[in-house]
Amino acid sequence: MTAESYDVERIRSHFPALREGAAHFDGPGGSQTPEVVARAVADTLTAAIANRGTVTPAERRADAVVVEARAAVGDLLAVDPRGVVFGRSATELTFHLARTLAKGWGPGDEVVVSRLDHDANVRPWVIAAEAVGATVRWAEFDPATGEFAPEAVESVVSDHTRLVAVTAASNLIGTRPDLPAIAAVAHDHGALLWVDGVHATAHVLTDVPASGADFWVCSPYKFLGPHHGVLAARPELLESLHPDKLLPSSDAVPERFELGTLPYELLAGTTAAIDFLADLAAPQSDSRRDRLAASFAALEEHEDALLVTLEERLRAIPGLTAYSLAKRRTPTLLVTVEGHDPQDLRAGLAERGVNAPAGHFYAWECSHHLGLGATGGLRMGLAPYTNASDIDRLARGLEEICGSSS
Ligand SMILES: Cc1ncc(COP(=O)(O)O)c(C=O)c1O
């Protein structure tokens, strides 16, 4: 599949939000939504719908929505749909599973978390470990290069380690750690690997088994879908875990982990979003997984080409420091500019119709480790709908604000 088949203007025409005219670099916080996703949500809410069941068409519709959404996520992540759990958010699912896993931990056990991660993949583990007297160990990344080496995990893992929690990609600086190498380290010591795939899933084709992850969380609202969370794990692994749940609710996997009634309309939207992603490069195949693979390859090529242009323009801005430096990373840039508060850069860009937020984006440890504290920096994230004109508007805006325009 070649980049010629990636028609960004065709893709943009599906996003009503883009008609407002802003150039959106706020995708890492939540992407814009194609019409077809919104329609799937509305159609599900307005159709006859009941709790899942087999007796009425309304019950069968709810059931089909759930089954289809698990199948779609299965294709997106290359996982068994029977191991796909839906929840309120990645944060909520991580807290839920951290509490569940910690039931089997105690003093002497250890958990490894990283300084690269969003706090959603740090604090749930720290709190769960503290509650049962387990010890937390920290794996560091190199703030000068943005690299997170597998050795960072190796140096803190031991035979007491029960779980390693690490991101598939940093939502602040884009770094994509070598997950298979980290998985090998964790598994050699008998530990499970929990991966926060929230940022990565929007940019690169995910293959959870190939990554070595035992658990993978992601959030459809980062990849053109609605606001809820997803957890994927092998069904056998989920079978071995016993979360807090209501007495009469299903004890089957994955339902055992789903608290309360599922948001059927959002699940329908997620299926539509995954179908939309599979069609990004309009590939022809009966297999949705194959179409996703071709479309993500084209998306990566598209985003990488735009990123090269953007980085070239940014390098010419006096006083600019770039923090997104790792060799393998997503098209998400964090910068600061000497003499300019990141919030002023954000406001200046907003005046020019360019949406690029500033801050730490809950990557609390990461921002502090970079020396940026709670202030953070200006974050610019590319998305499937980003085009060359957006890149030019962003670069020109920064050039004007920072006084380097000719
Ligand atoms: C890398 C990363 N992990 C976790 C989260 C939290 O996701 P959710 O809002 O689904 O809890 C985010 C949200 O920004 C994120 O970027």
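What you see is a predicted model; the values in this text were computed from it and never measured. Atoms within each ligand, like the ligands themselves, are counted from 1 in listed order.
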Close approach of K222 to ligand 1, heavy atoms, under 4.0 angstrom: yes

Straight-line distance of L18 CG to R12 CZ, nearest 0.5 Å: 5.0 Å

Any N or O of A120 closer than 3.5 Å to N or O of ligand 1: no

Given T321, L345, L378, the one that forms side-chain contact (heavy atoms from CB on, under 4.5 Å) with V337: L345

N or O contact, T91 vs ligand 1, cut-off under 3.5 Å: yes

For atom 15 (C) of ligand 1, the protein heavy atom that lies nearest, with its residue and separation: H118 CD2, 3.2 Å

Derivation of the salt bridge (charged side-chain N to carboxylate O under 4.0 Å, His left out) call for R52 and E258: CA-CA 13 Å; R52 296 176 70 184; E258 294 173 330; 5.1 Å; no

D196, any N or O under 3.5 Å of ligand 1 N or O: yes

Polar side-chain atom of S211 near backbone of V208 as donor-acceptor pair, under 3.5 Å: yes

Closest protein heavy atom to atom 10 (O) of ligand 1, given as residue, atom name and distance to 0.1 Å: S219 OG, 2.6 Å

Y221 N/O to ligand 1 N/O under 3.5 Å: yes

Check: T175 side chain, A326 main-chain N or O, donor-acceptor pair, under 3.5 Å: no

Protein contact of atom 16 (O) of ligand 1 - nearest heavy atom, named by residue and atom, plus distance: N171 CB, 3.2 Å

For A90, atoms of ligand 1 separated by under 4.0 Å from a heavy atom: 7 (O), 8 (P), 10 (O), 11 (O)

Proximity flag F361 to ligand 1, non-hydrogen atoms under 4.0 Å: no

Pairwise distance OG1(T270) to CZ(F223) - rounded to 0.5 angstrom: 6.0 Å

Centroid-centroid distance, F15 to F276, less than 6.0 Å: yes

